[in-house]
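Because only heavy atoms are used, hydrogens play no part in the values below, and waters and symmetry mates are left out as well, while side chains stay in.
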Amino acid sequence: MMTVFSKKNNFPKRSFHILLTLAALLALPQVALAEEEEFLIGATTHFAGYKGDADENISVFSQAQLSSPRDDTQFERWDKVKGVYTPKDIYTKYLINAEKHQLSPIQIIAHNPPMFERIITPEQIESFTRFGETIVRENKGKTKYYQIFNEWDSAYGRNPQCSSEAYMRLLKVMYPRLKKIDPACVVLSTSICAGEKFLLECIKGGLLNYCDGVSFHSYAFRPSGIYQEGALDPEAYTKYIGRIAELIRKHNNGKYANLYLTETGWPMHSELYGYDEETVANYVARVFLLARTIPGVKGLWWYDFQDDGYDHRVFENNFGLTTCDLTPKSGLYVLRSIASVVRRGKMQKILKTPDSSVRVLQFAMPDGSDVLAVWTLSPNCRKQIIFNRGSAPAEPLKLLLAGQTEPMVRQWGFREWMNALHPHRWFGFAKKNSDLFSVSVTGRPMLIFGKLDGVRVAEVKTIPRPAVKTGNFASMIIPEQIVSSGSWISFSGDMNYRMMMESATKESRSIDARFRIDVAGEAMKVTVEVTDDKHVQNFPKHELWKGDSVQFAFAAFDSHRSMPRRGTEYTLALGSSGPTVNRESAQNNTKTPTQMKCDIRREGPKLIYQAVVPMAELGIEKGNVFGFSIIVNDNDGMGRKAYLHWGDGVYPAKNPLEYNWILQGR
């Protein structure tokens, strides 16, 4: 997310241009912060979703030196009696603990309707605004930051309710009423996640006049949008956010706005675009340090603080700085070690280096000392950076590798007794130069503390260190279940039941299901039997999944015998007009209508789904193994309550690597 402050605030007089070329980045001039307030470092929490323990989470959060948790205040969960807003105990406890630990939480004034439905009518806007007024009134003098909605534009371009015009109608009503209650509060816009077009439309609609800040979300962990080509690392992320800063300045009378980057992160799952824990720890350090180089950025929030689950295959389960039980990962220790520099240091400049892969950032600390943060982007090597003291005093230095707790004290002076460029050439008793100092770095930042103003990079040498084994991601993941066609598969147990609403509990589960797949000539026959106490299906074809329905997906292995990135997915449902089929996606991207034949009928308490689809439509060759996953949606009349699943990759993420496998019977 990115937050932009209104025109009435004070901004730097000097222009600060982030050029998108590496040469310009390294030549970046000295940077001055817009204000003296502390930079916010935070993470997303999920107390509104009843995840975690408020006492322990906030305790660990504070110990890690993070300063700003970000969580929801969800309208639907507080509005059980119309017009009476009652906070949930876990959320109240969370805010009390945040205040106790002197944290600065962002409260998202949130709405939790069915997917992609927004607050657009005057009555809805008024009700939601009164809810926001209650939140601000109750927390006046205790908390400062409020955000009006999260990712309004998540279906931008596909749903008119997610338009910029619809959001601006809400914002123009809410903002002045929240500020009237607490003029000192900071009101942030929705987290813009659809990119520049939606942002520009909002700005042209008056965004900067109706909020104190604009939030921005961007993720660089997989190819998408502006990250389609090139590196997927903090440097690519920073380059893009710098572009956003420039875009807003261009439409803000030439002034940079204060940006709140409220979500970014790299997941640590085991499948495609998953990262190992040590790489993510490196990225944690770099993205927070680099955020200080972008003009106007007031804070950065990692997504998220605590893992959402234990399933190693699901990326949404594995973004956390801690595991589900609050066991710290390497990234948390790294963030704690650099927190004082990021929070309280002033970004001074990016030092020029003769090696484009080396980054050297200089910060000025409140006590008058300086800090250099140094790392390299080059893999499988160390970079030896030799500094010249220049006009800096010959005082002791302290070195701290991000993630460590105690720095090592060093003195100025460098004696090159071994040649880094020629590892077998020994210099022996070479003369020591008291004006030089060297460190050898990798992708994890090294912090150098001392009186460093005037220091320059004199030389950079590469020390090769090839990886023992490359960490390249395997093209094939063996699933948890591989079964043969022609037999019934039950997936009715608690482990297969996933809850979507508060009313859904394992105790209230009232749905069972089983399926079988048979090879019928040149077609696949899928039979699903569902037992459910109540059938609700009154949704249009493209939203069948909101009601009682079945979703399943096939994936044919590609020519390299690996799973593709796209499957062929269908939704089947029985509505008032009879059976309906919607093909959600096709592995071969065909636009030709599906040739599936479908029958859905009742047999006593059961609903029987039978579908026959040609193998040619699926791209599956007779006799070959293929990927398959299925979910059965449950709606008892109050929205999608829960679903049963066999395999993953259909929901919440579309990912054939998470499908189970079916062996075609002989």
- Message: Surrounding NZ of K525 (heavy atoms of other residues, nucleotides or ligands, distance under 6.0 Å), is the total greater than 12?
- Response: no

- Partners of H645 by side-chain hydrogen bond (donor to acceptor under 3.5 Å, both in side chains), sequence neighbours excluded? R498

- Partners meeting side chain to side chain contact (heavy atoms under 4.5 Å, CB included) with E617 (sequence neighbours left out): Y570, R583, T594, Q595, V613, P614

- Could you give me the CA-CA distance, side-chain angles and deciding distance for F628 and W661, then say whether ring pair (Phe, Tyr, Trp, His ring centres under 6.0 Å) is met? CA-CA 6 Å; F628 182 79; W661 291 358; over 10 Å; no

- Who are the side-chain hydrogen bond (donor to acceptor under 3.5 Å, both in side chains) partners of E56, not counting sequence neighbours? none

- Message: Under the rule for ring-ring contact (aromatic ring centres under 6.0 Å, His included), what residues qualify as partners of Y94, not counting sequence neighbours?
- Response: F47, Y91

- Message: Pair D532, K534 - check salt bridge (Lys or Arg N to Asp or Glu O under 4.0 Å), show working.
- Response: CA-CA 6 Å; D532 191 1; K534 188 175 183 180; over 6 Å; no

- Query: Does F315 have R222 sitting over its ring (NZ/CZ under 6.0 Å from centre, angle to axis within 45°)?
  - Reply: yes

- Would R70 count as a cation-pi partner of Y303, with NZ or CZ less than 6.0 Å from the six-membered ring centre and within 45° of the ring normal? no

- salt bridge (charged side-chain N to carboxylate O under 4.0 Å, His left out) partners for K597, two or more places apart: none

- Sorted by chain and number, sequence neighbours left out, salt bridge (charged side-chain N to carboxylate O under 4.0 Å, His left out) with D308 holds for K51

- Query: Does W152 have any ring-ring contact (aromatic ring centres under 6.0 Å, His included) partners at least two apart in sequence or in another chain, and if so, which?
  - Reply: F149, Y167

- Mutual orientation of the aromatic rings belonging to F319 and F221 [parallel < 30°, tilted 30-60°, perpendicular > 60°]: perpendicular

- Is it true that D634 and R640 make a salt bridge, defined as a side-chain N closer than 4.0 Å to a carboxylate O? no

- Note on the structure: The side-chain hydrogen bond (donor to acceptor under 3.5 Å, both in side chains) partners of S224 (sequence neighbours excluded) come to none

- Task: Only counting residues at least two apart or in another chain, list the ones meeting salt bridge (charged side-chain N to carboxylate O under 4.0 Å, His left out) with E165.
- Result: R169

- Message: Test of understanding: with ring-ring contact (aromatic ring centres under 6.0 Å, His included), list the residues that count as partners of Y659, not counting sequence neighbours.
- Response: none

- Message: Salt bridge check, K641 against D636: does any charged N sit closer than 4.0 Å to a carboxylate O?
- Response: yes

- In a check of side-chain contact (heavy atoms from CB on, under 4.5 Å) between T323 and each of D325, L321, L326, which one passes? D325

- Message: Assess the residue pair N633 and Q551 against the criterion (side-chain hydrogen bond (donor to acceptor under 3.5 Å, both in side chains)); give the C-alpha distance rounded to whole Å, side-chain angles, the decisive distance to 0.1 Å, and a yes or no.
- Response: CA-CA 8 Å; N633 296 306; Q551 293 174 261; 2.9 Å; yes

- Which heavy-atom pair separates V650 from S629 by the least distance, and what is that distance? CG2-CB, 3.9 Å

- Note on the structure: Sorted by chain and number, sequence neighbours left out, salt bridge (charged side-chain N to carboxylate O under 4.0 Å, His left out) with R601 holds for D599, E603

- Message: Once ring-ring contact (aromatic ring centres under 6.0 Å, His included) is applied, do any residues pair with Y609, and if so which ones, sequence neighbours excluded?
- Response: none

